[in-house]
**Student:** 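Once you've had a glance at the structure underneath, I'll fire off some questions.
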Amino acid sequence: MSYPVRAKISALGTYVPPKVLTNEDLERMVETSHEWVMERTGIRERHIVEKGVATSDLAVEAAKIALAQRGISTAEIGAILVATVTPDMFFPSTACLVQHKLGAKNTWGFDLSAACSAFVYALQTGAQFINSGAHKNVLVIGADVMSSIIDYTDRATCVIFGDGAGAVLLEAAEDDATGLIDFLHEVDGSGGCSLYMPGGGSLNPSTHETVDKKMHYVHQDGQAVFKYAVKKMAEVCERLLKRNNLKGCDIDAFIPHQANRRIITATGERLGLRPESVIINIDRYGNTTAATIPLAMQTAIEEGKLKRGSLVMLASVGAGFTVGATLLRWAY
Ligand code: UT7
């Protein structure tokens with residue numbers, strides 16, 4: 001897709017809360033084992049917040065790092081987009097809370113809800129403001145405090161999720177050598193009942209009954225989501241590669257949503273990716289929903305796999321169902 005002005009990621013900041021919840025800790029809380037969790041998911045530990053810490057707090061920490069990295073003041077931020085499924089509250093939006101905590105004047109922003117695909121959706125949404133010339137700098141944040149909506153007596157979900165945040169700064173690319181190249185997004189609402197939080201919204205407003213029925217927690221049909229994700233992530237990436245005349249082996253860094261190690265490796269094999277190009281950090285963070293992709297970008301940088309001009313493919317499948325894939329060339 002060609003735009004008069006191409007957007008690029010010019011900085012990245014990530015943050016996870018210090019408290020670590022290991023598989024051994026979970027063994028003491030529910031009937032599970034470190035071996036089961038490692039084998040079925042690839043997760044060893046995840047970070048979770050202390051009581052009173054909210055999504056906006058993690059988002060602000062990540063945003064500050066990204067801004068400092070690029071030397072951009074809060075006064076220069078054109079818009080703040082927060083991808084999250086765990087806003088601090090229904091309203092005001094987490095974007096407003098982040099704006100206030102950052103002290104960012106002259107900006108606007110909003111939250112974007114697309115569960116695990118929310119970061120890639122927000123990235124493309126933010127890019128449109130750069131493409132159109134409306135803004136010079138857009139802050140795109142993926143942040144979730146999944147521990148706030150997890151039932152820690154349900155072994156099927158509590159072993160999977162963690163808390164975290166990642167923020168990227170979008171700016172105009174100087175030329176075609178770097179920046180966002182193309183994207184392919186889809187939603188399929190028929191999968192809504194496979195992964196959802198039924199309580200607290202307009203359909204089932206919070207009552208003592210909804211709380212007693214644990215409707216304010218994540219409910220997941222793990223196998224149904226797994227089957228859809230393992231097929232769809234590869235399919236959408238294949239289509240994106242094909243229409244850009246690329247092959248899996250051309251990708252320098254594949255940065256997928258981290259929901260399950262088996263989904264990631266199966267996708268990598270089907271796409272013919274070089275194993276070393278597949279970024280996996282689910283062992284350390286679990287599934288942090290909107291934060292997995294920026295956290296995995298950070299891992300890719302630490303592993304020396306992102307350099308100026310590196311060809312990167314982002315991919316996600318999540319609740320909704322939501323599906324997304326993005327091609328870009330790393331810019332710094
Ligand atoms: O990010 C959003 C998108 N989400 C995903 O992509 C998640 C996709 N799904 C998955 O990753 C996997 O389905 C899970 C990790 C959630 C579950 O793994 P699975 O291999 O599909 O397990 P299962 O649900 O088929 O359960 C197999 C067995 C069951 O026992 P029985 O019925 O065979 O006796 C479960 O009760 O494992 C049992 N089980 C557990 N055992 C120990 C389920 N959770 C646990 C647990 N510890 N934590």
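Owing to the predicted nature of the structure, the values given are computational and were not obtained by experimental measurement. Start at 1 and go down the list; that is how both ligands and their atoms are numbered.
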**Student:** Distance-only criterion, 3.5 Å: show the donor-acceptor pairs between side-chain atoms of residues 154-164 and protein atoms not counting sequence neighbours.
**Tutor:**
unit_1, atom_1, unit_2, atom_2, d
Asp154, OD1, Ala156, N, 3.1
Asp154, OD2, Thr157, OG1, 2.9
Arg155, NH1, Glu31, O, 3.1
Asp163, OD1, Met146, N, 2.8
Asp163, OD1, Ser147, N, 2.9
Asp163, OD1, Ser147, OG, 3.4
Asp163, OD2, Val49, N, 2.9
Asp163, OD2, Ser147, OG, 2.6

**Student:** Please list, by chain and number, the protein residues whose heavy atoms come under 4.0 Å of ligand 1.
**Tutor:** Glu31, Thr32, Trp36, Arg40, Thr41, Cys116, Arg155, Ala156, Val159, Ile160, Leu195, Gln220, Gly222, Gln223, Val225, Phe226, His257, Ala259, Asn260, Arg262, Ile263, Asn287
**Student:** Can any side-chain N or O of Asn137 pair as donor or acceptor with the backbone N or O of Glu76 at less than 3.5 Å?
**Tutor:** yes
**Student:** Remaining members of Val60's ILVMFWY cluster at a side-chain heavy-atom cut-off under 4.5 Å?
**Tutor:** Leu67, Ile72, Ile77, Ile80, Val82, Val98, Leu102, Leu139, Ile141, Leu169
**Student:** Would you tabulate the side-chain donor-acceptor contacts of residues 228-235 under 3.5 Å, counting partners in other chains and residues two or more places apart, or write 'none'?
**Tutor:**
unit_1, atom_1, unit_2, atom_2, d
Lys232, NZ, Glu186, OE1, 3.0
Lys232, NZ, Glu235, OE2, 3.2

**Student:** Quick one, Leu123 and Tyr121 - any side-chain contact, counting heavy atoms below 4.5 Å?
**Tutor:** no
**Student:** When you compare the side chain of His216 with that of Val211, does any pair of heavy atoms fall below 4.5 Å?
**Tutor:** yes
